[in-house]
Structure formats: structure tokens, C-alpha cells
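First up is the structure itself, then whatever we jot down about it.
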4 protein chains.
Amino acid sequence: MRIKDENKQQRIKEAMVSLILREGIDGTSVAKIAKEAGVSPATIYVYYDSKEEMLAEVFREYSSAPYRYLMQRVTPDMEPAALIETIVRGCYSFSREHEEIFSFVEQCSRCPNLSEYVSEEECSCDILDLIHGYQERGALRPYSDWNMGAVLFAPVRFLAMNRCEESPGEEQLSELIRMLQRLLLY
Amino acid sequence: MRIKDENKQQRIKEAMVSLILREGIDGTSVAKIAKEAGVSPATIYVYYDSKEEMLAEVFREYSSAPYRYLMQRVTPDMEPAALIETIVRGCYSFSREHEEIFSFVEQCSRCPNLSEYVSEEECSCDILDLIHGYQERGALRPYSDWNMGAVLFAPVRFLAMNRCEESPGEEQLSELIRMLQRLLLY
Amino acid sequence: MRIKDENKQQRIKEAMVSLILREGIDGTSVAKIAKEAGVSPATIYVYYDSKEEMLAEVFREYSSAPYRYLMQRVTPDMEPAALIETIVRGCYSFSREHEEIFSFVEQCSRCPNLSEYVSEEECSCDILDLIHGYQERGALRPYSDWNMGAVLFAPVRFLAMNRCEESPGEEQLSELIRMLQRLLLY
Amino acid sequence: MRIKDENKQQRIKEAMVSLILREGIDGTSVAKIAKEAGVSPATIYVYYDSKEEMLAEVFREYSSAPYRYLMQRVTPDMEPAALIETIVRGCYSFSREHEEIFSFVEQCSRCPNLSEYVSEEECSCDILDLIHGYQERGALRPYSDWNMGAVLFAPVRFLAMNRCEESPGEEQLSELIRMLQRLLLY
DNA sequence: CATGAATGAGAATTCATTCAT
DNA sequence: GATGAATGAATTCTCATTCAT
């Protein structure tokens, strides 16, 4: 028998995510995904039971991608100010380097049928653990997890979403970093 | 006769927004909208040229709804601290009182085909004007519009999106308000 | 608006029944039915919610057709011998004149998912009522409904099903009639 | 190795027949059969050239099963009355003991594409030969083979098909036997 | 204005079958 | 012989839209 081609599944995922960036979830059909991935529509059903399950599974997988990306850039011995900067810049550069995944996750997390498959808090738990360390030794103010997440991730994503010609990018980003440092450091 | 028309269009809009909360944009068809609104599918085309245009038009209309809601609750002579509290609480209570519109706007603003019809900055310009007033007279720190918007609206929406049993709500909200007051007041 | 075309629904039914005679239930797709009826596949779903429901509904409608056919040929004042002859010949000629419906009903009544929609006894109740009359006045032997139905309808249908060149038809039929007369008359 | 093969083919046959009882011919796919038999879809094509041929072959094999079942229960020296009783009861108990095969054969024999692979008369020839013996020595009335088959098999199958709570079963069966004895004995 | 009927195009999914191992 | 992967073709059904009234 032929061996299951991991490469093929990867291509399917990438095709899906890429299409969803360009056309949105509801503009993305199984047929289009198959064509973009260079496989038959039927092949997709070898790997996933349904379109919905495919979305959910890939969403589950990718929803923690930005946090994994961050985790590779932060260390527990960074200066607190650098930590904040790294997080904010990391969030932003993730959204540029992995535009497709960023847009995919943003869309899925707003979609009522999909959002319940994934919880933000689970995805961000590693980075929050790290932040706890800082909080415990008095290097960051002891705000709750919810609000730490809310201020560290939401505004920068907001900028990433709404970026356009008029938004200078770098300047905004530096300002936001300074704001969060003032907010979270002693 | 005039009333009846307005009524019908209103019912169509509400049906659409309500369906989109429950089933997501791509689970919402013209036929379903028509059934939910109690009209014929053809009637929808009396008011809108296409489904896409309908979505865009309603999105355009509702995207400023949270800001209009806020504008009714703030006044230029509030204490700055109260202004911040009112904005944050307003954002949150809007998301509870108008769950459907909130979810609809969140979904649309992430959808590549729709998001370009509307710009956040236009929607929020009134409230930003008001904030400018405060900034000019030194009552709020002079951060850029982009970042004022980012920190005032994004985190509270983040809480509203991810609210669940474990998130106490009121406590989180008060904490967030205190954080923003510390950040934005002198 | 356009008016619902009864003629169209009739054509759909006939197309379906005709195809099922030629190709069997599992060789009959909605697309083929639509083509044969000269309508779009989508039109079929204006009249029926699903293929299964279409089959069930038409089955329900046609399953009593042979009995209605019989009822038009018998009268309560016939001689008992003539009654038996009329029933048997009626069954047979129905199977020739309405070959499609005959085959359709035979197929559906053997299909596990469909057979439960229709009960033989309900369909045959009129003719059995008439037979009761004969039985009560001692013109036919007082066998149970089930067995009256079993011997009056099953053997002739068996002949109709298995007819071929070697089966002479008329001779068999006359013999069967004589048999049933001997069996049921005093 | 030989045993394993036979085993596998047997399991395939049983899976198919069992599925067809539950879901009907058109609800039974090669994939489902394979899963139910615990083999790969490809394996089925080791034994059969196509789905149609598989159906035809198994139909051919099983269509004579009820007659073989009967032949094991009758002997040429039975009393004629007992012969009739044995045939009728045999038909009925076959339909209960081998529900799946019974339903399978009934469905196939009504299906236009399959019925031509098998002729009833061939299947029933052994039992008809035996009946000829009785007829020649004047123990059964000399009706034609077609009608002997028609009255001996069709009514009892009709009862077996339409059996339900309201049909008492045993009582009906005894009555039917008495009827046929009166009809066929001198 | 308002509509139910009608539809071509396309949706998701399944099918019978084949291929490479 | 036996298999899981792979697929082109076909399946059922839905879609956004238009038509005739």
C-alpha cells in the first residue's frame, strides 16, 4: 500500500490557511483547497472527516502558534522591560511573518462554531507561567492573568489587524511598548 | 406603508445579525435570513443588491454602533478617571446588551473581504475627538490615536470575547479600569 | 410570482418511477430524475425535502394504486367467482398497464428504509371490506384478512414478476383463478 | 491459508448481506462492507471484480438458499399433507432464522439489474421435482409448476414480509397450511 | 413593493475502484 | 493475498440570484 504522505497533509493545511487569508472562511471551499494543494478533493477526506473538523483541528493546532513563537524569543532571565518589548514585538512580527496563520486564527476565534474548540488561556499558559515568575519576584505588577493577557496581546494585535499606510508601524509599536512598560513595571 | 418598509428592512437586518451570532457568517444563507425575518428571499433583493453588499452595508452601519453607544454615555466635562471607566464599562456592557451586533462586527472586521469596507478609525473618530480635548488640556497623556484606541478598546473586547464561568467579569473589569487609569492619567 | 406547476411535480414523479423501473432504486439519482423530467435538480428540492422523502412520499401515494385500480373494477354485487377472477386479472393487468408503478412499489416495499412508511393492510382495506361482505353472507370462505390478502395478491404478483417467454401468461392466469375459486368458494 | 481466505470471503458476504438488511441495497457501499467485514476495501476486489458482480454472485448463491433449506426438511415419502406443512413452515422459519438472507434475496429479486441473473424456476427445481413425484402418483393435484410455486411460496413470504405485532404468526400460518392442503390435496 | 417558484453553479461529501507496497 | 492511500466521477443538496406575477 501507499504510505500516508505527511507532506500531503501539510500542503492541505497550508492551502487552507492561505486561502482563508485571501478569501475568508466562507470564501474557502474544499474544492479550492484541494486545487491549491494539488490533490483531489476526496484526498482531503482521507485526512479529515469533514470540513468543519478540518478547520477545528488546524485551528487547534495553530491557535497556540503565536505563543510558541513568543516562547522561543523570551527567556526567564530577561530584564522585565525587555520581556515586555519582546512580547509586543514578537506578537507583531509573528503577524507579519505568518500573516496567513495570524489571519486564520483571528477569523476562527471569532467564529461561534469554532471558537469553542480552543481556549485562549490554554494557549497562553506557558507565557503566563513565565510572567508569574516575574510577578512573584516583584519585577512585574501583580495583575490577574486575564488582564495581563488582555493588555499584552490585544492592543498589539489590534495594531496588526488595522495596520495600513497611515499607520507608521514602528513608531506606534515603540510607543505601545513604552506604555506597557510604564503600566506593568514598578 | 413607509413604516412597513422600514420595519421589513429592520427585520432583515436583525435576522441576519442574529443568525450570524448563532451560526457564523458562513453558516448564514440568504434563505435562512429570509425565513428568520419572515419574508421571501426575493424581498431581500428589494433592499440590497447582493448578499455581499448587504453584509457590507450592515457592517458599515453597525461598526460604529459601539462608539455611538459610548458617545451617549460620555460627556466632555467628566472627570478623566470617570471617562476611562465609562468607556471601558460601556464597551463591556455594549457587548452584553448587544451580543449579536458585537459578535457580528467582530466577525466582519476579521473577514478579509469585508474589513476593507470599514475603518476602525473612522468609527471611533468622535470618541477620539473627545479624547483629544482631554489630552489638549493635559487631562490625559498624549499618546497617539492608534494606541489610545488600542488600549481603550482592544483589552475590554478581549475580555468580552473570552468571558466564561471562570472569568469573574466585574472584578476583571474594575482591575482593567484601574490599570488604564494609571496608564493614561497623570 | 410564478405559480407552482403541478404538472412539473407530476413529471418529476413519473421520471422517478420510470427510471426506477429501468435502473433500480440505487441506479436512480436525483440528477437523472431531473434530466428525465426536464427540470433542474434544484427544482426537485422545491417539491421534496430530500431524495428519501421523495421516495417515501411517492411510495405512499402509489402503494395503494393497484388497490384503487381494483376497486374500480369490482362491485359488491358481482358473483363471488367473478369477484375472484376480477381481482386476479386486475392485479395482473395492472402490472402490465402500469409496469413502472408496479415495479416501483415492489422495490420500495422490499427496501427496509422505505417499507415502514407504508403498510399493506391499510392499502388493501377497501377491497378487504368488500370481501368481508361476501364472507358475511357466506359467499366466500371466512379466512382471515391476512390470508385472504396473501392468496389473492401474492401469487398473481409472483407470476407478474417472473413472467417470461416460457410462461404462457393467459393459461397460468386462468389456472390460478380456478385454483383460488376452488379454494375460496363453497 | 486456505481457511483464512475462505473465512475472509465469507465475512465479506455476511457483512454485505447484513448491511443490506439494515440499510437496503442503495445504502450499502463497498467501504461500509469492508469496514463491517474488517477488511480493506481493496481486499474485496481480490474476490470480486466489481460491486455489481459481487451482488450478482452472492445473489446467485443465496437465491437458492431457501430451497436448499427446504430440501433438508422434506422427504419423498412424507404424507402429502405433511409435505405442504413442511414447505410452508420451512419457508417461514427460513425467513426468521436467516432474516438477512431472506431480505437480501427479496430485494435483489425485485431489482431490475439483478433479477435477470437468477431465475426462480431454476432455484426451485429440486423441490418441484419432488412435487412432480407426488403429482404423478396422484397425491397432489396436477397444477402447473408456475402455479404450484406461486401458491406454495408467495403467500407465506408475503406473511413473512408483512409480519408485525398484530399478525399473530402461528395462527395465520396454520390457517394458511390448511388452505393449501385443501387446495392441493384430493 | 412583495413574492414563491425556479435555477445554474457550486457546495460538501461519498462512491467504486486502482495503485504501490 | 492483502492493504491503506489516493482519486475522478458522481452523489445529494444548498446557494445566491432571477423571474413572472
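Proteins get letters first, then strands, A, B, ... in listed order; numbering begins at 1 in each.
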What are the atom names and distances for every N/O pair under 3.5 Å that joins the protein to nucleotides 12-16 of chain E?
{"unit_1": "E:dA12", "atom_1": "OP1", "unit_2": "A:K51", "atom_2": "NZ", "d": "2.9"}
{"unit_1": "E:dA12", "atom_1": "OP2", "unit_2": "A:V30", "atom_2": "N", "d": "2.7"}
{"unit_1": "E:dT13", "atom_1": "OP2", "unit_2": "A:Y45", "atom_2": "OH", "d": "2.6"}
{"unit_1": "E:dT13", "atom_1": "OP2", "unit_2": "A:K51", "atom_2": "N", "d": "2.7"}
{"unit_1": "E:dT13", "atom_1": "O5'", "unit_2": "A:Y45", "atom_2": "OH", "d": "3.4"}
{"unit_1": "E:dA16", "atom_1": "OP1", "unit_2": "D:K51", "atom_2": "NZ", "d": "2.7"}
{"unit_1": "E:dA16", "atom_1": "OP2", "unit_2": "D:V30", "atom_2": "N", "d": "2.7"}

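By the side chain to side chain donor-acceptor pair (under 3.5 Å) test, B:E106 pairs with A:R110, B:R110, sequence neighbours left out. Residues satisfying the side-chain contact (heavy atoms from CB on, under 4.5 Å) test with B:Y45, not counting sequence neighbours, are B:V30.
One atom, CD1 of B:I25, and another, P of F:dA16, lie 12 Å apart when rounded to the nearest Å. In this structure, the CD1 atom of C:I12 is 14 Å from the P atom of F:dC13, given to the nearest Å. Rounded to an integer number of Å, the gap from C:E23 CD to F:dA10 C1' is 14 Å. Rounded to whole angstrom, the span from the NZ atom of A:K35 across to the C1' atom of F:dG8 amounts to 14 Å. Rounded to a whole Å, the CG atom of B:N7 is 16 Å from the P atom of E:dC1. Rounded to a whole Å, the CG atom of B:L55 is 14 Å from the P atom of F:dC15. Atom CG in C:L19 sits about 11 Å away from atom P in F:dT12, given to the nearest Å. For C:I33 and F:dC13, the CD1 to C1' distance is 13 Å, given to the nearest whole Å.
Counting heavy-atom neighbours within 6.0 Å of D:E61 CD, excluding the residue itself, gives a total above 12.
Within the structure, every pair that satisfies the salt bridge (charged side-chain N to carboxylate O under 4.0 Å, His left out) test and touches residues 32-46 of chain B, not counting sequence neighbours, is listed here: B:R22-B:E36, B:E23-B:K32. Residue pairs satisfying the salt bridge (charged side-chain N to carboxylate O under 4.0 Å, His left out) criterion with at least one member in residues 43-54 of chain A, sequence neighbours excluded, are absent.
Between A:I44 and D:V46, the residue anchored closer to the 5' end of DNA chain F is D:V46, taking for each the nucleotide with the nearest heavy atom. Between D:T43 and A:V39, the residue anchored closer to the 5' end of DNA chain F is D:T43, taking for each the nucleotide with the nearest heavy atom.
Between A:E116 and A:R60, no side-chain nitrogen of the basic residue sits less than 4.0 Å from a carboxylate oxygen of the acidic one, so the salt-bridge criterion is not met.
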Derivation of the side chain to side chain contact (heavy atoms under 4.5 Å, CB included) call for D:Y48 and D:L55: CA-CA 9 Å; D:Y48 303 100; D:L55 269 167; over 6 Å; no

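Side chain of A:T28 to main chain of A:G24: a donor-acceptor pair is present (N/O by atom type, distance under 3.5 Å, no hydrogens or angles). Here the side chain of B:Q107 pairs a donor or acceptor atom with the backbone of B:I25 at under 3.5 angstrom.
Within the 4.0 Å cut-off from OP1 or OP2 of F:dA16, not a single side-chain nitrogen or oxygen of B:Y48 is found. For B:K8, a side-chain nitrogen or oxygen approaches OP1 or OP2 of E:dA2 to under 4.0 Å.
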Watson-Crick and G-U pairing of DNA chain F, under 3.5 Å, as dot-bracket with | and [ ]: .||||||||||||||||||||

